[in-house]
Chemist: 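Could you have a look at this structure, given as C-alpha cells, before my questions?
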Amino acid sequence: MPRMANTPSQDGEFEFWRNHAQISLQPVAPPSILGLFGFAAATFVVATNLAGWYGDTNTPAFLFPFAAFTGGLAQFLAGMWAYRARDGLATAMHGIWGAFWLAYGVLFLLVALGALTPPTPFVALGYWFIALAAITWSGALAALAKNVSLALTLIALAAGATAQAIGQLADISGWRTLGAYFFIASAVVAWYTATAMLLEATYGRAVLPIGMLRAPHRPGAQPPQAIQFVSGEPGIKIGQ
C-alpha cells in the first residue's frame, strides 16, 4: 500500500514529533524547602516531648495546633506542589507525613478537649507507626539515589517510626524514648537539608554540601542541569 503524502517515515517519526510537540511547564520554587522545614519544626517539638524533655497534662492543648499546621498542612501542601516539580519521592514523603501530622494534631485536639484519653499501651498508634515505618523505609531506599542528606533524614525517621511502633505495641518505654531520639535526629538533618536547599535557591549555587549522588554538588559549584533547559527551576526539570 503506497505511503500517504505528508506522512513522516517511521524512521523520522520520533524527530518529527520532537520538533513539533509543545509542552508548557510552570516553574515552581523547590517544595521541599517548605516541606522539610515544616517537618523539622513539628518533629522536633513533638519528639522532645516524647523524649521527656518537657510536658505536663496541659501539653496536648499546645501541641495539636503546631503539629497539625506546621507539620501537617505545610508539609502536605509541599507534597502536592512536589507534583509540579515531578518529584515522586518528595510527593510521597511529604504527602504521607503531612497527612500523619494532620491526623496527629486532630488526635491531640480530642485529648485536649477531654473527648479522648490515650490508652496504655496505645496499640492503635503503634499500628499507625507500622504503616509509616514501612512507607518511610521505602522512601529511604529511593533517597539513596538522590543525596546523602535526604537519605539520612528518612533513615532516621524510619528507624524512629519502627522504634515507636515496637514501644507502643509492646508498651516498652525504652523503645518509645529511642524512637523519640531518632525523630530528633531526623528533624536536625531535615533542617540542615532544607537550609542547604534554601541557600542554593537564593545564592544560585551550592553553599552547603548534601552529598549529591547523581552529579557533583560541591559548595560553590553551579547546580547540575538535569535536562537541556538552561534555567533549572523545578517544574521545567525533574526533581528539585
Side-chain angles (χ1 to χ4, degrees), residues 27-48 66-102 104-105 132 135-136 139-161 180-215 217-224 226 232-235 237-240:
V28 295
S32 286
I33 295 176
L34 171 63
L36 287 171
F37 274 139
F39 165 79
T43 301
F44 180 81
V45 170
V46 173
T48 49
F66 194 78
F69 289 96
T70 307
L73 182 62
Q75 195 175 0
F76 189 80
L77 288 174
M80 298 305 99
W81 284 319
Y83 275 111
R84 301 291 298 273
R86 295 181 289 171
D87 191 330
L89 176 60
T91 298
M93 294 298 101
H94 292 316
I96 197 67
W97 277 94
F100 164 75
W101 283 121
L102 284 169
Y104 195 85
L132 286 167
I135 295 169
T136 309
L141 181 62
L144 291 173
K146 300 194 72 171
N147 65 71
V148 173
S149 186
L150 182 58
L152 289 176
T153 299
L154 293 177
I155 288 171
L157 182 58
Y181 278 99
F182 271 124
F183 284 155
I184 293 170
S186 179
V188 172
V189 182
W191 165 79
Y192 173 86
T193 306
T195 300
M197 296 179 69
L198 176 63
L199 293 176
E200 180 179 327
T202 52
Y203 283 87
R205 58 183 174 82
V207 177
L208 296 175
I210 56 176
M212 293 294 291
L213 299 175
R214 288 185 175 177
H217 197 76
R218 301 180 303 276
Q222 293 295 321
E233 298 96 335
K237 71 181 183 72
I238 297 176
Q240 302 172 65

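These values consider heavy atoms only, across backbone and side chains, with no hydrogens, waters or symmetry-generated copies. For the single chain, residues carry numbers from 1 onward in sequence order.
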Chemist: Can you name the side-chain contact (heavy atoms from CB on, under 4.5 Å) partners of I33, sequence neighbours left out?
Modeler: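 For I33 the side-chain contact (heavy atoms from CB on, under 4.5 Å) partners, ignoring immediate neighbours, are P30, F37, M197, L198, A201.
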Chemist: Is there a side-chain contact (heavy atoms from CB on, under 4.5 Å) between W191 and L36 once you walk through the steps?
Modeler: CA-CA 7 Å; W191 165 79; L36 287 171; over 6 Å; no
Chemist: Looking only at heavy atoms, which two atoms of P234 and A29 are closest? And how far apart?
Modeler: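 Nearest pair, atom of P234 first, then A29: CG-C, 4.3 Å.
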Chemist: How long is the span from the CD1 atom in I155 to the OG1 atom in T136, to the nearest 0.5 Å?
Modeler: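 If I round to the nearest 0.5 Å, the distance is 11.5 Å.
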Chemist: For residues A47 and I184, report the shortest heavy-atom separation together with the two atoms involved.
Modeler: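 Heavy atoms of A47 and I184 come nearest at CB-CG1, 3.6 Å.
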Chemist: Compare all side-chain heavy atoms of I210 with those of Y192 and state whether any distance is below 4.5 angstrom.
Modeler: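 Yes, their side chains come closer than 4.5 Å.
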Chemist: Which is it for F39 and W101 under the side-chain contact (heavy atoms from CB on, under 4.5 Å) test, yes or no, and what are the steps along the way?
Modeler: CA-CA 9 Å; F39 165 79; W101 283 121; 4.0 Å; yes
Chemist: As a quick check of understanding, evaluate side-chain contact (heavy atoms from CB on, under 4.5 Å) for H94 and L77, giving each step before the final call.
Modeler: CA-CA 8 Å; H94 292 316; L77 288 174; over 6 Å; no
Chemist: Pairs of donor and acceptor atoms involving the side chains of residues 67-74, under 3.5 Å and at least two apart or interchain, shall be tabulated with distances.
Modeler:
| unit_1 | atom_1 | unit_2 | atom_2 | d |
| --- | --- | --- | --- | --- |
| T70 | OG1 | F66 | O | 3.3 |

Chemist: Over all heavy atoms of both residues, which pair between V189 and S149 is shortest? Give the atoms and the distance, please.
Modeler: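 Result for this residue pair: CG1-O, 3.4 Å.
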Chemist: Evaluate L157 against F182 for side-chain contact (heavy atoms from CB on, under 4.5 Å), listing each step before the verdict.
Modeler: CA-CA 6 Å; L157 182 58; F182 271 124; over 6 Å; no
Chemist: For Y83, look at atom OH and say whether over 12 heavy atoms of other residues, nucleotides or ligands are found less than 6.0 Å away.
Modeler: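 Atom OH in Y83 is not packed in, count stays at 12 or less.
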Chemist: Considering residues at least two apart in sequence or located in another chain, which fulfil the side-chain contact (heavy atoms from CB on, under 4.5 Å) criterion with I135?
Modeler: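 For I135, the residues satisfying side-chain contact (heavy atoms from CB on, under 4.5 Å) (neighbours in sequence not counted) are M93, I96.
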Chemist: Of the non-hydrogen atoms in A143 and A151, which two are nearest, and what is the gap between them?
Modeler: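 For A143 versus A151, the nearest heavy atoms are CB-CA, 3.7 Å.
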Chemist: Sequence neighbours left out, what passes side-chain hydrogen bond (donor to acceptor under 3.5 Å, both in side chains) with T48? Give chain and number order.
Modeler: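 T48 satisfies side-chain hydrogen bond (donor to acceptor under 3.5 Å, both in side chains) with no other residue.
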Chemist: Rounded to the nearest 0.5 Å, what's the gap from CD on Q75 to CE on M80? Could you check?
Modeler: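 Between atom CD of Q75 and atom CE of M80 there are 10.5 Å.
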Chemist: List for me each residue that meets ring-ring contact (aromatic ring centres under 6.0 Å, His included) alongside F100, sequence neighbours excluded, and say none if there are none.
Modeler: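 By the ring-ring contact (aromatic ring centres under 6.0 Å, His included) rule, F100 matches W97, Y104, F129.
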Chemist: What pairs meet the salt bridge (charged side-chain N to carboxylate O under 4.0 Å, His left out) rule with one or both residues in residues 87-100, with sequence neighbours excluded?
Modeler: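 Every pair satisfying salt bridge (charged side-chain N to carboxylate O under 4.0 Å, His left out) with a residue in residues 87-100: D87-K146.
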